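What follows is a short report on a single structure.
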Amino acid sequence: HILNPLDGYPCHIGTLSASAVSSLALESDILSTAAFALGKDRCIELLENMDETLLIMISADDNGAERAAVLPEHNLLIKKGGMWELRDKV
């Protein structure tokens, strides 16, 4: 459970999953938790100074349709069946 630090209530911003990949496990853990609480737009600033770090966020719209965002945005995440596949944009 991830709590909003401003009000102490659980975060409900539409993010279903936030995963970070970094050379340091602690950095990945902190970033994925922050991404879940902050959302995609505010995470772009966090990643500006983090070389070789990848953030994958999956969210749902009001109708329940899943969307994926990969930061930095030179990466591409494609859904095939029930699985997500990461590729470099060409």
Side-chain angles (χ1 to χ4, degrees):
H1 302 324
I2 299 173
L3 302 178
N4 182 333
L6 300 177
D7 60 18
Y9 287 96
C11 291
H12 294 291
I13 60 168
T15 302
L16 301 176
S17 175
S19 299
V21 179
S22 175
S23 60
L24 300 172
L26 181 61
E27 187 176 88
S28 296
D29 183 41
I30 292 169
L31 182 59
S32 62
T33 302
F36 197 95
L38 296 174
K40 175 190 169 192
D41 295 335
R42 294 184 63 195
C43 286
I44 292 171
E45 292 177 36
L46 288 175
L47 288 172
E48 286 179 359
N49 296 318
M50 301 175 82
D51 294 333
E52 309 222 358
T53 300
L54 177 71
L55 178 63
I56 301 169
M57 298 180 70
I58 298 177
S59 58
D61 63 18
D62 293 336
N63 297 322
E66 291 181 358
R67 300 180 308 237
V70 181
L71 301 171
E73 293 182 338
H74 66 265
N75 295 291
L76 181 64
L77 197 61
I78 300 169
K79 189 168 187 179
K80 289 187 173 182
M83 302 292 291
W84 293 91
E85 183 178 308
L86 183 64
R87 294 187 180 174
D88 287 331
K89 283 185 181 177
V90 177

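Model, not experiment: these values are computed from the prediction.
Shown here are the side chain to side chain contact (heavy atoms under 4.5 Å, CB included) partners of N63, two or more places apart in sequence or in another chain: D61. Evaluation of the side-chain hydrogen bond (donor to acceptor under 3.5 Å, both in side chains) rule for S28 yields no partner, not counting sequence neighbours. Here S19 pairs with S17 under the side chain to side chain contact (heavy atoms under 4.5 Å, CB included) rule; sequence neighbours left out.
When each of I30, D29, T53 is checked for a side-chain contact (heavy atoms from CB on, under 4.5 Å) with S22, only T53 meets the rule.
Atom CG of L31 and atom CG of L26 lie 11.0 Å apart (nearest 0.5 Å).
Summarising the geometry of A35 relative to M57, their closest heavy-atom pair is O-CE, 3.3 Å, with the distance given to 0.1 Å.
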